[in-house]
There are 2 protein chains.
Amino acid sequence: MAFDERDLIDRLFRPLAGPGSLDLLDDTALIVPPPGCDLVITKDMIAAGVHFLPDDPPETVARKVLRVNLSDLAAKGAEPLGYLLGAGFGRRVGERWIEAFCDGLAADQDIYGIGLLGGDTIATSAGAVFSVTMIGTLPSGTMVTRSGGQSGDALYVTGFIGSAAAGLAAQSGAETPWVGLADPVKARLIERYRLPEPAMALAPIVRAHASAAMDISDGLVGDCDKLAAASGCTAVINARTVPIDPELIPEAVEPDVLAGLFTGGDDYQILAAIPTSDESPFCEAAAAVGVDVSKIGRLVAGSGPVTVLLDGEAMALPARSYVHGRGKEGP
Amino acid sequence: MAFDERDLIDRLFRPLAGPGSLDLLDDTALIVPPPGCDLVITKDMIAAGVHFLPDDPPETVARKVLRVNLSDLAAKGAEPLGYLLGAGFGRRVGERWIEAFCDGLAADQDIYGIGLLGGDTIATSAGAVFSVTMIGTLPSGTMVTRSGGQSGDALYVTGFIGSAAAGLAAQSGAETPWVGLADPVKARLIERYRLPEPAMALAPIVRAHASAAMDISDGLVGDCDKLAAASGCTAVINARTVPIDPELIPEAVEPDVLAGLFTGGDDYQILAAIPTSDESPFCEAAAAVGVDVSKIGRLVAGSGPVTVLLDGEAMALPARSYVHGRGKEGP
C-alpha cells in the first residue's frame, strides 16, 4: 500500500495521543515516572496469518494487540499508563482499513484508560505486523514475577480456559468437536479468540496476594510449566477444576478434547500462585471486583512438566503449548 | 522458517539480558526509574526490502535497528538504558542468520552500554521485521523537543550529510553520480547506509545548549521542515556549509546532486537549534568529545518549507524527504 505517514499521524493518530506523547510531534515519548513507582514494560507483536486472520475486522486486530499486552501488565500487578505502536501496514492494507484499526484503538483506549505515546509507521513488503510496547506502573518493589512461587501455593486462573482455542477451531470450519455448536455460540467463541478480555481489575489483587503470576497466552499447561519451572518446582493440575465455558462442557468430557482446551492458545487469562494463607482474601477481593477465579491445582516440590490429573490419572498430553504459526508443540 | 522460541531465548537472547530484564524469565521488563530522572522512550521498526536489503549482513541489520533508535535518544539529550526487541523472523531466515543477528546485538550492546530488557519473537508469513523500543534517561525536565527553537537560533548538524544515500545509490549499481567512485570509497559509503554512527556523546551537550533538536533520518531538508514547523518558524540553510564527505565533493558541485544528498534518507545525524549565546560553548563542548558539528543555517521568522540557498539562490528541490519503501517525496 501507499500511504502518507504525516497524514496518518495528523488525521488518525494525533487524536489518540495521551500525556507524554508530546502530541506525537517528536520521535520519542517522555515518561515522568510517578513518585514511588516502578515501570513495567512489555512488548508483544502480532502478524497477519499468524496471530490474527487476514480478514479479521481491523477494529478487533487493533484491540487484540493492545489487550495481549495489557494482559501481561495485569498479571504482573501493574496498571497501564500508555503504549507505543509500531504499525507495519502490509501491501493490501488500504486507508479505510487503517481508519477502522484506529477506531479500535480509540475504543480500547477509553475502556482501559490509556493513551498513545508514540511509535512508528512503516510499509512492509508483505503482511501486516503490529508491535505494541505497553507501559505500566506499580508501587516500587511490588512487581509479581513468575519465579516467586513456593511448593504448596495454590494455583488459580481467571475466566474460562480454552474458549479462544475452541473459537479458532470453530472458525476454521474443520471437523472439530465444536462443529455441532449453535451459530451464536460459535460466534461468541470466535469473539473470545479475536478479543481477549484481560482481567485488569485483578492487578492490585495479584500484587497484594500472589507469590507468582503470568498471563496464559500459549496454553494453560505449557504456561504452567513455565511458572512452575521459574519458581523452582512443578505442579499438579486437577483437570475437572479447570473452568470451561458451560457450552463446551458436553463435548469436553473426552480427554483428548479437554487436552485441546488446556493446550490451546490465546486465553489471556491470569495464572496466579497464591500462598494458602492468602487464598480467602484473594478470592474475596476477586469477587469484590467481579473477576471469576478458580482454583485448579497446586505447586508441588520437584521439577519437570506439570502433571494434569483427570479422575485420578495423569493425562497423556500430545502437546503442551500452542505455538503461533506452528500449532501445538511439546513436550 | 521454523524455530523454537524457548531455545532462541535460552541460547541466544539470555546472554544479552541486562539489568531489569529479570533474566528474560518474565513477559515484562522492570524499570526502576533513577531518582530525579525522566524516561525517554522511542520505537523504530525496520523491514526487509524497505529499510535494509535482504542480503545485508545480519550483524549490521541488528546493529542498524539499535542505532536508529539510539540516534533518537541522543537527539533528545538522553542516555540509553536498554531496549526491548520485537523480532519477526521471516520465512527465509535460518538459525545461522539469527545467531549472526545476535552477534550484532552483542557488539553494539558493548559499544553503547545497553542491555536487552525483553521483547517478543514471532514468525512472520513473509519478510523479516524488527521493532526496537529503546529506553533512555535524562535529568527531570531536560528533554529537548523539536518545538523549542526560536527565530534567530543557529542550526547545526553532526557528521556528514548524504553519505548513506550515496552509499545506497552506489550499491544499487544504477547510473548514479557515484558510479565512478573507487571501490573502497563505495564500500565506505555503503557502510554508512548499513551502520549509522549516532553521536551519542553529544547527548549531554544537546541537553545543555540546544533549544530544539531531532535526528535526521528522512533527509536533511524534510526533517528541518519538521523542526522549524514544530518551533513555529521556518529556516534558511546555506547549501555550501552543509558538511559532505570529501570524496563526494567533486560530484556534489552540481545542484541536482547536492539536492539528492540533502533529501536522502538514513543520515542519523543530529540537527540542533542553538541560541546565538550558546554557539561557542556548544561548539567547544562538541569538539571536546570528538563530535564534528557544522553550522548550516538559521531558524527565521515565518512559516512553510525551509529555504536552501545555493550561491545566493533558492535551490529548486524536486523532493524534500526520503520515504522508505516509496523513495523521494515532496514538496
Side-chain angles (χ1 to χ4, degrees), chain A residues 2 4-5 22 25-33 37-51 72-73 75-76 78 84-88 90 117-120 122-127 129 131 133 135-136 140-141 143 145-147 214-215 217 226 230 323-326 329, chain B residues 2 4-5 22 25-33 37-51 72-73 75-76 78 84-88 90 117-120 122-127 129 131 133 135-136 140-141 143 145-147 214-215 217 226 230 323-326 329:
Chain A
D4 180 333
E5 186 177 17
L22 306 167
L25 285 173
D26 254 283
D27 294 311
T28 60
L30 177 67
I31 309 280
V32 179
C37 283
D38 291 342
L39 296 180
V40 177
I41 306 188
T42 185
K43 181 182 179 72
D44 270 350
M45 291 174 96
I46 65 173
V50 182
H51 304 81
D72 279 323
L73 291 192
K76 306 286 99 182
L84 290 88
L85 172 69
L117 300 178
D120 193 18
I122 66 169
T124 63
S125 55
V129 181
S131 167
T133 302
I135 301 163
S140 298
M143 189 182 112
T145 66
R146 289 185 187 177
S147 58
M214 66 185 290
D215 78 329
S217 54
K226 291 176 196 163
V323 180
H324 288 100
R326 247 173 113 183
E329 187 173 79
Chain B
D4 180 334
E5 185 176 15
L22 307 167
L25 284 172
D26 254 281
D27 294 309
T28 58
L30 178 66
I31 308 280
V32 179
C37 283
D38 291 342
L39 296 180
V40 177
I41 306 189
T42 184
K43 181 181 181 71
D44 269 350
M45 293 175 94
I46 63 173
V50 183
H51 305 80
D72 278 324
L73 291 191
K76 306 286 101 181
L84 290 88
L85 173 69
L117 299 178
D120 194 18
I122 66 168
T124 63
S125 55
V129 181
S131 166
T133 302
I135 301 163
S140 298
M143 191 181 112
T145 66
R146 290 184 186 176
S147 57
M214 67 183 291
D215 78 329
S217 55
K226 292 176 195 162
V323 179
H324 289 99
R326 249 173 112 181
E329 189 172 81

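To find a chain, count down the sequence lines: A is the first, B the second, and so on, and within it residues start at 1.
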Between atom [atom1] of [X] and atom [atom2] of [Y], what is the distance when rounded to the nearest 0.5 Å?
X        : Y        : atom1 : atom2 : result
A/Leu39  : B/Ile41  : CG    : CD1   : 7.0 Å
A/Leu25  : B/Thr145 : CG    : OG1   : 8.5 Å
B/Ile135 : A/Thr28  : CD1   : OG1   : 12.5 Å
B/Lys76  : A/Asp26  : NZ    : CG    : 3.5 Å
A/Asp27  : B/Arg146 : CG    : CZ    : 4.0 Å
B/Leu84  : A/Leu84  : CG    : CG    : 10.5 Å

Min side-chain heavy-atom separation A/Val40-B/Leu30 under 4.5 Å: yes
Qualifying residue, where the test is side-chain hydrogen bond (donor to acceptor under 3.5 Å, both in side chains) with B/Thr133 and the options are A/Asp120, A/Thr133, A/Thr42: A/Thr133
Contacting region of A/Met45 [heavy-atom separation from chain B under 4.5 Å]: both
Proximity breakdown for A/Ala48 and chain B, heavy-atom pairs closer than 4.5 Å: backbone
Best-contacting candidate, B/Val129, B/Asp44, B/Asp215, B/Ile46, against chain A by heavy atom pairs under 4.5 angstrom: B/Asp44
Chain A contacts, top residue of B/Ser131, B/Gly118, B/Ala230 (heavy-atom pairs, under 4.5 Å): B/Ser131
Contact summary for B/Lys43 and A/Gly86, nearest pair of heavy atoms: CE-N, 3.0 Å
Shortest non-hydrogen separation from A/Cys37 to B/Pro33 and the atoms involved: O-CD, 3.5 Å
Interface residue of largest heavy-atom contact number with chain B, from A/Ala47, A/Gly141, A/Ala29, under 4.5 Å: A/Ala29
